[in-house]
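Below is one structure, written out as structure tokens; the observations come after it.
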There are 2 protein chains.
Amino acid sequence: MEVITLKDIAKALNLSTSTVSRALRDSYEINEKTKKLVAEYAKKVNYRPNPIALSLKDNKSRAIGVIVPEIANNFFSQAINGIEDEAYSRGYHVVICQSHESLEREKENLRHLFERRVDGILISLSGKTKDIKHILEYSESNFAVVFFDRVPESSGFHKVVADNFSGAFAATEYLIQQGKKRIAHITSPLTLSITKERLEGYKKALEKHGIVVDNELIKYCGFDPEEAKATINDFINTQKPDAFFTCSDRLALHCYEAFQSRKDEMPADTPFFGFTNLNVSHLFSPKLSTVVQPAYEMGARAAKILLDQLESKRKVKDFEKIVLETYLKIS
Amino acid sequence: MEVITLKDIAKALNLSTSTVSRALRDSYEINEKTKKLVAEYAKKVNYRPNPIALSLKDNKSRAIGVIVPEIANNFFSQAINGIEDEAYSRGYHVVICQSHESLEREKENLRHLFERRVDGILISLSGKTKDIKHILEYSESNFAVVFFDRVPESSGFHKVVADNFSGAFAATEYLIQQGKKRIAHITSPLTLSITKERLEGYKKALEKHGIVVDNELIKYCGFDPEEAKATINDFINTQKPDAFFTCSDRLALHCYEAFQSRKDEMPADTPFFGFTNLNVSHLFSPKLSTVVQPAYEMGARAAKILLDQLESKRKVKDFEKIVLETYLKIS
DNA sequence: TTGTACGCGTTATCAA
DNA sequence: TTGATAACGCGTACAA
């Protein structure tokens with residue numbers, strides 16, 4: 001596979017590179033015959049412009065960066081599918097980085113992508129990220145940033161999220177309708193947007209049905225498996241809830257495992273709910289029901305917003321917040 | 001976050017860009033005092049060379065491409081983790097593409113990555129790929145390619161694979177030791193290297209234990225859920241095997257679901273084995289045991305080989321084939 | 001020890 | 001209608 005440049009074509013056809021360049025871009029100032037000649041020859045030798053040269057010239061890379069906590073996770077890999085479909089169909093590359101829930105890694109990723117001159121980034125914040133100073137540094141100098149899933153509170157950004165409130169509300173209400181009254185709520189660190197919204201949904205559902213919120217039934221938990229296990233064990237030992245609602249994708253499995261290993265100490269029909277895109281939850285025993293997020297669509301929408309912004313002439317002034325519906329998957 | 005170029009530094013310090021360039025690269029021909037001056041100023045303004053300019057100059061991008069059938073799959077996402085860790089630690093970017101088991105998409109991905117001037121690629125072939133003509137086009141013109149997992153038969157390439165033979169052998173032998181004699185073998189298309197190797201392991205285990213291979217118990221199956229379902233149903237309706245061994249990661253779940261939905265028609269202890277890196281298999285009911293591949297290590301090793309090759313002066317003549325051990329995860 | 005000039009591949013500007 | 005030249009940012013051969 002030979003690499004052909006404009007110069008090669010020019011030499012072969014006895015033209016100047018600028019003529020060839022213009023002919024290929026169908027410029028009005030070029031003779032039709034010349035255009036045809038150039039087009040045919042270019043096709044024959046399979047000419048493709050060197051994207052790196054274009055990047056240098058335009059100071060654009062036609063690549064976007066994605067920063068997520070983890071790839072090996074259904075929610076994020078589905079979201080990435082959405083991002084890639086949108087990006088590739090519009091001629092953009094996607095460079096994926098993982099923060100592994102670490103603020104340091106998130107900073108490194110940002111710097112890395114910025115230096116590589118990606119045109120903009122899509123990011124879902126790490127569990128350790130408490131503010132977005134490190135992101136503002138970049139976004140302020142005209143570097144496009146779109147948040148999805150785990151977004152900051154600050155305004156002044158495009159955001160794409162699931163309707164976490166409604167999802168948590170629906171799951172909680174479902175459990176209440178099953179006759180449950182002491183529903184444990186295990187959730188991610190309060191720094192995350194999703195944590196607050198889901199907790200709110202849980203509380204509002206209880207209130208609607210006249211159940212007093214018991215703060216002993218709400219526990220925040222990091223992403224460490226041991227911590228998840230300890231949390232569940234503690235619940236089973238002391239509060240003895242009649243249902244579990246794990247409000248974090250990353251947490252759900254560890255909690256579920258701890259729950260499963262002690263299921264004999266609980267009534268057989270104790271329901272367990274997660275907030276996860278795990279696509280095999282219906283194969284579990286005991287059953288695992290989940291709130292499912294439209295991960296693919298979230299990714300695709302976020303990418304679309306970013307690319308629209310990159311390709312629009314004027315600087316965006318009004319920022320969108322897209323909220324997509326979740327649905328319950330009852331097992 | 002300002003973008004600083006050599007020229008900016010040169011102007012600020014009243015030097016030429018070449019002096020600045022050499023000072024930063026610690027050239028012997030530059031005065032120590034100048035070096036220090038430049039280094040300090042560069043650090044202060046946070047100078048970083050523009051990788052795109054370097055790419056254009058060196059005709060290298062310090063990026064590698066990865067083509068896999070699907071990201072949203074534990075095996076591949078774990079392999080990608082290995083690839084990324086190796087690549088990032090050596091200052092390379094990773095661009096990920098999915099073939100979605102389509103030859104056409106695989107070709108597009110190749111062209112895309114090649115045009116983007118990635119320095120080389122890591123690829124696990126799609127299920128539809130029957131030969132590697134489309135890859136030879138590139139590899140012949142000095143474009144580095146390393147295969148992993150699903151590799152071609154052709155010699156002349158670096159390859160990193162799991163010991164598929166031994167994995168399948170061990171799983172089959174385990175089932176035999178459980179007293180099973182009619183073990184169904186459901187596997188991927190014969191075009192894939194992994195298919196043949198795993199089938200061979202299965203057969204050899206049967207032979208070792210004096211069980212005649214019954215070809216009626218071996219079925220090839222595409223990656224379509226319906227096809228998987230039909231295959232399992234057919235087995236249950238006619239051959240009534242006393243154990244199932246699904247030899248494909250992509251297939252295992254669909255087969256398992258079909259199996260589960262008809263488990264009441266089978267003896268309660270009918271074992272089901274997969275060849276998958278699904279990390280929640282132990283939570284399933286009925287039980288799902290698996291042959292697990294060292295996915296992370298496969299990715300990391302493949303990336304290491306590719307990068308070593310890219311950074312080595314001489315052209316590689318003897319190609320390595322790395323074979324990594326699998327292990328059984330009995331549930 | 002430092003500076004000037006060039007080239008990587010492309011496009012835009014200016015000249016012919 | 002076409003061509004020559006400069007510029008994007010960098011490193012290096014050559015000149016001073």
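Treat the numbers as computed from the prediction; the structure is a model and nothing was measured. Numbered from 1 within each chain, the chains take letters A, B, ... in sequence-line order.
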Could one point to a donor on the side chain of A/Ser16 or the base of D/dA4 with an acceptor on the other under 3.5 Å away? no
Partner residues of B/Arg105 under the salt bridge (charged side-chain N to carboxylate O under 4.0 Å, His left out) criterion, sequence neighbours left out: none
Return the nearest nucleotide to the side chain of A/Thr19; candidates are D/dT1, D/dC10, D/dG3. D/dG3
Once you apply a heavy-atom cut-off of 4.0 Å, does A/Thr5 come out as touching a base, just sugar-phosphate, or nothing? sugar-phosphate
Hey, can you pull the donor-acceptor pairs under 3.5 Å for the side chains in residues 133-140 of chain A, sequence neighbours left out?
residue  : atom : partner  : partner atom : Å
A/His134 : NE2  : A/Glu106 : OE2          : 2.8
A/Ser139 : OG   : A/Ile135 : O            : 3.4
A/Ser139 : OG   : A/Leu136 : O            : 3.4

Would you please classify the geometry between the A/His93 ring and the B/His112 ring as parallel, tilted or perpendicular, with 30° and 60° separating the classes? parallel
How many whole angstroms separate atom CG of B/Asp8 from atom C1' of D/dC10? 13 Å
Under 3.5 Å side-chain donor-acceptor pair for B/Ser18 and B/Ser21: no
Hey, what bend do you get for the helix from C/dT1-D/dA16 to C/dA16-D/dT1 if you fit axes on five pairs at each end, rounded to 10°? 60°
Span of DNA chain C engaged by chain B, first through last nucleotide within the 4.0 Å heavy-atom cut-off, is C/dT1 to C/dG9
Take the protein atom CZ of A/Arg117 and the nucleotide atom C1' of D/dC8, then report the distance between them rounded to whole Å. 11 Å
Of all of residues 22-31 of chain B, which get a heavy atom below 4.0 angstrom from DNA chain C, listed by number? B/Arg22, B/Glu29, B/Ile30, B/Asn31
Going by number, which of residues 52-65 of chain A have a non-hydrogen atom under 4.0 Å from DNA chain C? A/Ala53, A/Leu54, A/Lys57
Across the strands shown, which category fits B/Thr17 at heavy-atom distances under 4.0 angstrom: base, sugar-phosphate, nothing? nothing
